[in-house]
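One structure is given below, encoded as structure tokens.
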Number of protein chains: 2
Amino acid sequence: MTYQLLRLVHAMDGATNAGIHDVLTDLKITRPLADALWQLDPAAPAPSMRRMAAKLRCDPSTVTFLADRLEQLGYATRAAAPGDRRTKVLHLTAAGHAARQRLVDAATTRTPIARLTDAEQSRLHALLTRAMAAPAAADGQPERTSEDPG
Amino acid sequence: MTYQLLRLVHAMDGATNAGIHDVLTDLKITRPLADALWQLDPAAPAPSMRRMAAKLRCDPSTVTFLADRLEQLGYATRAAAPGDRRTKVLHLTAAGHAARQRLVDAATTRTPIARLTDAEQSRLHALLTRAMAAPAAADGQPERTSEDPG
DNA sequence: CAAGAAGCTTGGATTAGTCAAGTATCAGAG
DNA sequence: CTCTGATACTTGACTAATCCAAGCTTCTTG
């Protein structure tokens, strides 16, 4: 049963990615870059490189690479973090904001999930939230994971 | 709302992948190879290279590359398809079967989905199945997609 | 059989990703 | 204040993963 669910989730993800392929081409980005752009939520404080690495579950040097591309494309800029000159944060540019919006719009309208009614999506949300909720910390503290909050 | 769901699904996928990272290392495979192995369902007829490409949503030449690795690792073998010598099918070896089983076991036990009760998983299954069900073919036939059945 | 289509592989190029080492900055101990 | 060690990012070298265009073999059809 869980196996079938994983297959379904994976198929879902695949269908969503396939559905927005033309948008990626249009924005001149690849999937990993889209992932990075997706994480740059304008409503949240600009993340540090390190935080991006955690969100994307990749090596910090990979973030350097991806950030370079996003800068070349004019979608993001690096800025020194206030108070710690070691740290750099990634800011969306206006173009980046627009690109991300197109990405999010395409994904949300074309994903198979969009075929569900509001009520169904609500139930789905409840189930997934419960699954992702702080879990198995059997005895002790909730234990800061440093990654999930992305 | 749909946006939040996509984030959740993505986070789910990420958590599952992160959870089985040690198994991948142990099996000496990477994520794309694990994806390929996952698709080689022993209960289904051995898929052709082309079919694998559709399932994995990648170029046929990429399947050549992945199949090479799986053969090198002793997890799969190519065999001529009966009746069409152009076509090659990918068979799991005994070792491949075992490796795939470890992969599936790890994924199904460690995915956040496993935290849900049977009833919840059942509801989740119903929702996802409905979302993925043959969709927008507004007027006509269900229309063979040639990819989804993976 | 000839022409074209279908399926896989190869070659070349680019993108992603890892790990190890390097550079700059910060935080504490003297 | 300065040395020491940790932290944050980047660079370099290397491998993996992709794609596209070309090539070869094998069907299919006229």
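What you are looking at is a predicted structure, and each value in this text was computed from that prediction instead of being measured. Each chain gets a letter, A, B and so on, in the order the sequences are listed, and its residues count up from 1.
Between B:R110 and B:D22 there is a salt bridge, with a side-chain nitrogen of the basic residue lying less than 4.0 Å from a carboxylate oxygen of the acidic one.
From B:M1, atom CE reaches atom CD1 of A:I113 across 10.0 Å, with rounding to the nearest 0.5 Å. If you take OG1 on A:T62 and CE on A:M49, they are separated by 10.5 Å, rounding to the nearest 0.5 Å.
Atom P of nucleotide D:dA17 and atom CG of B:L56 are separated by 12 Å, given to the nearest angstrom. Rounded to an integer number of Å, the gap from B:L24 CG to C:dT18 P is 12 Å. The CZ-P distance, from A:R85 to C:dC26, rounds to 4 Å in whole Å. A:R86 has its CZ atom 14 Å from the P atom of C:dA24, to the nearest Å. Distance CE (B:M52) to P (C:dG7): 16 Å, rounded to an integer number of Å. Look at CZ on B:R50: it is 14 Å from C1' on D:dC27, rounded to the nearest Å. Rounded to whole Å, atom C1' of D:dT18 lies 14 Å from atom CG of A:L33. One can place CZ of A:R57 at 13 Å from P of C:dT18, the figure rounded to the nearest angstrom.
Put simply, B:R78 has a side-chain N or O that comes within less than 4.0 Å of OP1 or OP2 on C:dT9. OP1 and OP2 of C:dA24 both lie 4.0 Å or more from every side-chain N or O belonging to A:K88.
With hydrogens and angles ignored, no donor-acceptor pair under 3.5 angstrom links the side chain of A:T87 to the base of D:dC9.
Side-chain contact between B:D35 and A:H10 is present, with at least one heavy-atom pair separated by less than 4.5 Å. Using a 4.5 Å heavy-atom threshold, the side chains of A:L5 and B:T108 count as separate.
Taking every heavy atom of residues 62-71 of chain A and every atom of DNA chain C, pairs under 4.0 Å involve A:T62, A:F65, by number.
Comparing A:P60 and B:D84 against DNA chain C, the residue whose closest nucleotide sits nearer the 5' end is B:D84.
Listed candidates were C:dT18, D:dC20, D:dC9. Nearest to the side chain of B:S61 is D:dC20.
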Inset, instruction - Show your reasoning for whether side chain to side chain contact (heavy atoms under 4.5 Å, CB included) applies to B:M52 and B:L40. - result: CA-CA 9 Å; B:M52 281 298 283; B:L40 291 175; 4.0 Å; yes
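In terms of the side chain to side chain contact (heavy atoms under 4.5 Å, CB included) criterion, residue partners of B:R86 (sequence neighbours excluded) are, by chain and number, B:D84.
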